[in-house]
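Order of the sequence lines sets the chain letters (A, B, ...), proteins ahead of strands, with each chain counted from 1. No hydrogens, no waters, no symmetry mates; every other heavy atom, side chains included, goes into these values.
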Amino acid sequence: MAETSAGPRYSERNVEERMGLLDKAKMHAKALSLGMLRLARPQRITLRYPLERPVLSEGYRGMIVLNNDKCIGCSLCARVCPAAAMKMFNAAPKKLRPVINYERCIFCGYCVDICPVEALYHVPVHDLVFENRDDMVFDLETFTKEPEEPEHVRKVRVVIDEEKGLRYVPVNSE
Amino acid sequence: MAEETEGKNETKLPLEGSLRKSDQALVVKTTPPELLETANKLKEQGYTTVVSLSAVDYPKDGKMTLIVHVTGYELPPGYPKMVEIQVDLPRENPRVPSLINVWTSVDFQEREAYEMFGITFEGHPDLRHILLDPEEFKDLRPLRKDFVVKEENIMLKENWGDYRG
Amino acid sequence: MSQQSQILTRRIDKDILEVFIGPQHPGSGHMRIILRVDGDIIVEAEPDIGFVHRTMEKLAEGREWVKNQPLFERMAILDAANCTLGYIMAIEKLLGIEPPPRAKYIRTILAELNRIASHLYGMGIFAILLGHSTMYMWFFGDREVFVELAERLTGQRLTHSFFWPGGVRRDLPSGFKDELEKGIKYFEKRLKEYEVMFLKNPVIRSRLEGVGYISRQKAAELGIVGPNIRASGIRHDVRIEEPYAAYPELDFEVPIYKEGDALARTLQRVDELRESLKILKQAVNRIPEGPILHEKYLKMFTKVLKDVLETEKRVKLAPALFNLRPPKGEAYARVEAGRGEYFYYVVSDGQNKPYRVRVVSPSFRNSIVFKYVLPGHRVADLPAIYGSIDYFPPEADR
Ligand code: SF4
Ligand code: SF4
């Protein structure tokens, strides 16, 4: 594996060589001691969801909000929606507006990306709980309001760490 | 049929066909009685594996085209990486000899083409439905063009009603 | 050596029992295998696939070209970039365009992040099938690092829908290189722990060695793909055979094992993880500056679209991309995904929707293994074989 010729290439390998000739007892012991080590110094990345929630990364394709004033009613968003989650209706005569059905939305962000006037945008909120299915169908009023996360949620920032893999840093840790 | 097979076969593979410009696949046209012969020739040349076996339905031209993509591993230089065999079939009761004795890898793919298009592969030992429910899709051939899947309207009529879910 | 695990059986009808494994969800999707057993030796196996079939090829015919990306991604959401890249590449071949170099590098980065995540997922399932729940947790936990990285790049954890024909949807976010390098460093350390805990663990080794042997010739005959065929000694990786994205410019090895058993397939995956890290490291360092969408479409951008591209580095979906009408013709494209080769064949009749899309997924091609390889093995070896193939039912069923 030492050679460094450029470009992709195949390299033949051998199981016997790869596995080495360590005896069983030794390997058992090694596995056990690693297990003990990880018992003492665990590699935990579990988040106490839903009490703790990660801050979504910048540009996360979260829930979608309509800016009613910007919208020109061109219907492109409804046409592009691959899940048929967005549909147009007549908000007033000659005034088409989209509404969204979160039972269907797959958060592909196509609608946001096609809107020619940037009337749709993502908010960094993803997991909301609805008490019944009807609430997941938004009308113009709910669709134009930015959803908020419940108050009890503690926000943590996800940091990629060389030692632990992922680390969670509380936002505004009091 | 929507295909422009410009380009002669300039590859080293001794087989009649044309090189497609878009993707450099060698397109070989044949007929049901000659299919096995073509397949055997390809296999002799090192094309050991079928990547895909399927069909395209052309109701306007009154035909269906069986399309088999064959490849080989560690092919000699200058050989096309992909050979596409095209066989025109009638839409009514299409039948071709099964390729399973040439390439084992067509086993499930022939079953799929059978359920999706209704093509009978003569000599396939176990030709029955594989992905679809055999009862429900006894006479339905979903990938034929006369099986239409309706897309919803983009306008919301009053309520989501039937659109739920 | 390896072949010895195959036990010759005589078929005696009155002693044959039929055992239904499933329908169940062994961690990756609904499947069923119908076994005929003589004692505890499998004499016949019949994979009954299709429990999660969605007839995607049909659905694709009713939607505009780009709208099919989220659809095809649902074959294997754990490997979303690799399984949709082939479709996008096929469209690009029809259009006769190539994405700009920077877009190619970004594609490569996401594809490798997905490959790692997908291998870790597959091995996690494999570990739990073998009863090794520690490794199951470790694999899944470490996968989270790469899912997180993919989220920063694409805006979604799994269903990235990240490509436009001729480019990608977003540029690398600021600070991505640092984060990726940290993730790689962490994972390199973990790979060493995997060796001790899993690969070289004598229990695991004896469960895998010589089990599910597939000879070189048989592998070619059955047409299996991905790490499975490479573990049987066949030099086949689409990244080398039909180079795409930025792969031809990068320096990496594709491991080949000759042994063809479950152990070789496992080593194959772990070694590929290492190579993926190498690719990622090079790709973030060598990535060239430049546009991330083909200029043909950039020219059609309106002012709003250009502003967003400049300030947010987000490529909006220009109407020209949405109303794509590739010229009449056909094209195929294939991509090396985590579990093997994705094959797409698209037919255009010049309309804004595909006339026909054929997709063959690696798991569909690998599912044939159960029928032709299981006979001759003990029922107790089934989980080891099933897991080592890295079979993913939703992908096979499409
Ligand atoms: S995010 Fe995708 S699925 Fe959801 S409404 Fe927009 S286009 Fe439709
Ligand atoms: S695409 Fe934008 S402007 Fe057009 S209807 Fe949708 S939200 Fe309104």
Side-chain angles (χ1 to χ4, degrees), chain A residues 1 4-16 18-20 22-25 27-28 30-31 33-35 38 43-46 54 56-62 76 79-83 106-118 122 158-166, chain C residues 63-64 66-68 70-71 134 138 141-142 144-145 148-149 151-152 155-156 159 161 169-170 173 179 182-183 185-186 190 193 196-197 199-202 205 235 237 239-240 243 247-248 250-259 263-264 267 271 302 304-305 308 312 314-317 319 322:
Chain A
M1 292 221 281
T4 45
S5 67
R9 62 201 174 274
Y10 297 109
S11 93
E12 301 214 340
R13 296 175 191 187
N14 178 299
V15 170
E16 287 297 319
R18 172 78 167 71
M19 296 295 283
L22 281 170
D23 67 75
K24 279 190 180 179
M27 287 323 290
H28 273 306
K30 271 187 145 181
S33 62
L34 178 62
R38 286 286 163 242
Q43 196 77 26
R44 280 194 203 117
I45 61 159
T46 310
L56 298 170
S57 46
E58 207 181 309
Y60 188 88
R61 302 206 301 259
L76 274 173
R79 274 184 58 209
V80 83
C81 180
I106 55 172
F107 299 96
C108 62
Y110 273 26
C111 50
V112 176
D113 275 359
I114 204 169
C115 180
V117 289
E118 282 283 282
H122 294 289
V158 185
V159 182
I160 293 176
D161 190 277
E162 275 173 42
E163 294 303 322
K164 305 211 63 139
L166 294 181
Chain C
R63 298 166 185 203
E64 283 81 354
V66 286
K67 272 166 84 167
N68 289 324
L71 174 70
T134 306
W138 286 17
D142 293 339
E144 203 60 26
V145 177
E148 180 71 30
L149 283 164
E151 178 196 307
R152 296 195 180 176
Q156 264 308 337
T159 49
S161 301
R169 281 175 76 178
R170 309 234 174 133
E179 282 167 348
K182 275 188 199 151
K185 272 202 195 116
Y186 164 73
R190 287 294 270 181
E193 296 189 354
V196 177
M197 203 61 168
L199 289 175
K200 297 190 175 167
N201 186 329
R205 184 169 180 174
R235 296 164 161 252
D237 187 313
R239 290 175 292 174
I240 296 184
Y247 289 114
L250 302 170
D251 172 33
F252 64 97
E253 288 177 350
V254 174
I256 304 286
Y257 280 98
K258 286 212 171 66
E259 284 75 2
L263 182 61
L267 291 175
D271 287 7
T302 60
V304 178
L305 271 58
V308 173
E312 293 177 43
R314 179 157 62 89
V315 182
K316 300 232 343 158
L317 181 56
F322 175 47

Mind checking the [atom1]-[atom2] spacing from [X] to [Y]? Nearest 0.5 Å is all I need.
X	Y	atom1	atom2	result
C/Glu193	A/Leu34	CD	CG	5.0 Å
C/Lys185	A/Glu162	NZ	CD	4.5 Å
C/Leu317	A/Cys111	CG	SG	10.5 Å
A/Ile160	C/Leu149	CD1	CG	3.5 Å

[X], part contacting chain A, at a heavy-atom distance under 4.5 Å:
X	value
C/Asp237	both
C/Arg235	both
C/Leu263	side chain
C/Pro173	neither
C/Tyr257	both

On a heavy-atom basis, which atom in C/Gly141 and which in A/Ile45 lie closest, and how many Å separate them? O-CD1, 3.2 Å
When every non-hydrogen atom of C/Tyr186 is compared with those of A/Lys164, the smallest separation belongs to CE1-C, 3.5 Å
May I ask you to test the [X]-[Y] pair for a side-chain heavy-atom distance under 4.5 Å?
X	Y	result
C/Ile240	A/Tyr10	yes
C/Ile256	A/Arg13	no
C/Lys316	A/Cys115	yes
C/Arg239	A/Pro8	no
C/Glu64	A/Pro82	no
C/Pro70	A/Tyr110	yes
C/Lys182	A/Asp161	no

Select one option (side chain, backbone, both, neither) describing which atoms of [X] are under 4.5 Å from chain C's heavy atoms.
X	value
A/Ile114	both
A/Arg38	side chain
A/Cys81	backbone
A/Pro54	neither

Given A/Leu56, A/Val112, A/Val117, the one with more heavy-atom pairs under 4.5 angstrom with chain C than any other is A/Val112
Under-4.0 Å salt bridge between [X] and [Y]:
X	Y	result
C/Arg169	A/Asp113	yes
C/Arg314	A/Glu118	yes
C/Arg152	A/Glu58	no
C/Glu253	A/Arg9	yes

Looking at C/Glu179, C/Gln156, C/Arg170, C/Arg63, which has the largest count of heavy-atom pairs under 4.5 Å with chain A? C/Gln156
